[in-house]
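As the structure lists them, so they are numbered: ligands from 1, and atoms in each ligand from 1. Every value quoted in this text rests on a predicted model; they were computed, and no experiment measured them.
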Amino acid sequence: MPATRSAGSIRRKAQDAWLFLSRWAKAPGRMGAVAPSSRALALAMAAEIPDDKSDCPIIELGGGTGSITNGLLESGIAPSRLVVIERDRHLASLLRQRFKGVEVICGDAGQLPELLARHGITRVAAVVSGLPLLLFPRDLLDQIVDGCFTVLGPTSPLIQFTYGHASPLPPESFGLTARRGPKVWLNIPPATVWIYQRASAG
Ligand SMILES: C[S@@+](CC[C@H](N)C(=O)[O-])C[C@H]1O[C@@H](n2cnc3c(N)ncnc32)[C@H](O)[C@@H]1O
């Protein structure tokens, strides 16, 4: 019944909001946000994934409570093609329960090539990141971005959102080009999507 479904979905959103806030209170520098991303932001990020016809995996970094995971699946990505990296064990286990058929790896996005190699993955079609990159120290940022472009194909993108106005990473210092994607007002706070590719791809 629609009324029951919508009551269930409101309850789940409230539970997620509370869980998110409690994880933020434990590790603000890792969560980086006090509330999960909106469906609108998740779909805007999913829309930036090129339709490359390959069946290479799509990687999501920092799955949280699964808002972006949900949007990626809703946009038509098969669960078997999606791999989510989440460092928080509690959140990783929640994601596993929620998204049957999606590979959820509990680990540090700074070790991306190594984590994926353990699952036999060496090439990926896109990386969609919900990580709070602006809060990370430079050495972790280097590890994450270099790791992403080690496994991404020559023209494949890293897709990241930010609450700020400017690019959340300095593209030139990684040999990347940056394209500003849509601003999503239906998110708390509003967020902008950024798309990074190797400079040699353009
Ligand atoms: C801003 S939340 C985003 C959650 C979700 N994607 C969303 O948009 O609602 C950031 C998430 O990244 C995770 N995270 C932070 N640092 C990480 C790291 N080094 N490796 C993997 N996950 C990390 C946090 O535990 C948290 O779940």
Side-chain angles (χ1 to χ4, degrees), residues 9 12-49 58-75 77 82-99 102-116 118-119 124 126-148 150-151 158-164 168-169 181-182 184 186-194:
S9 123
R12 178 162 141 174
K13 278 195 175 153
Q15 283 166 350
D16 282 357
W18 175 248
L19 175 61
F20 211 94
L21 195 61
S22 65
R23 301 319 275 180
W24 173 82
K26 279 196 163 181
R30 279 195 205 154
M31 288 305 281
V34 291
S37 297
S38 67
R39 175 172 176 267
L41 177 55
L43 292 178
M45 294 184 90
E48 297 296 339
I49 297 174
I58 309 284
I59 310 301
E60 182 191 347
L61 303 181
T65 51
S67 326
I68 293 178
T69 320
N70 218 28
L72 295 173
L73 295 172
E74 193 183 330
S75 76
I77 292 166
L82 191 53
V83 179
V84 182
I85 311 289
E86 172 53 59
R87 185 175 179 157
D88 182 305
R89 283 167 60 183
H90 182 79
L91 293 175
S93 132
L94 178 82
L95 291 166
R96 275 190 205 107
Q97 284 166 30
R98 277 193 178 164
F99 300 103
V102 172
E103 185 75 64
V104 178
I105 301 176
C106 185
D108 185 344
Q111 307 293 318
L112 186 64
E114 297 82 355
L115 292 175
L116 294 179
R118 279 182 219 150
H119 290 74
V124 309
V127 177
V128 178
S129 165
L131 297 173
L133 293 185
L134 286 174
L135 300 182
F136 288 170
R138 181 63 203 231
D139 57 343
L140 179 57
L141 182 67
D142 286 354
Q143 279 175 28
I144 291 171
V145 177
D146 290 343
C148 287
T150 300
V151 291
L158 163 63
I159 301 161
Q160 171 74 46
F161 76 79
T162 182
Y163 304 132
L169 62 91
V184 179
L186 268 180
N187 192 70
I188 303 172
T192 303
V193 179
W194 284 82

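- Considering only heavy atoms from C-beta on, L169 stays 4.5 Å or farther from W194 through its side chain.
- The side chain to side chain donor-acceptor pair (under 3.5 Å) search around D142 returns R138, not counting sequence neighbours.
- The closest donor-acceptor contact from the side chain of E60 to the backbone of V128 lies at 3.5 Å or more, if one exists at all.
- Using a distance-only test at 3.5 Å, with no hydrogens or angles considered, a donor-acceptor pair links the side chain of Q160 to the main chain of L131.
- For the atom pair CG of L61 and CZ of R87, the computed distance is 13.0 Å after rounding to the nearest 0.5 Å.
- Under the 4.5 Å side-chain criterion, counting only non-hydrogen atoms from C-beta, F161 is not in contact with V184.
- Ligand 1 is surrounded by F20, R30, M31, A33, P36, S37, E60, G62, G63, G64, S67, I68, E86, R87, D88, L91, G107, D108, A109, G130, L131, P132, F136, F161, each with at least one heavy atom closer than 4.0 Å.
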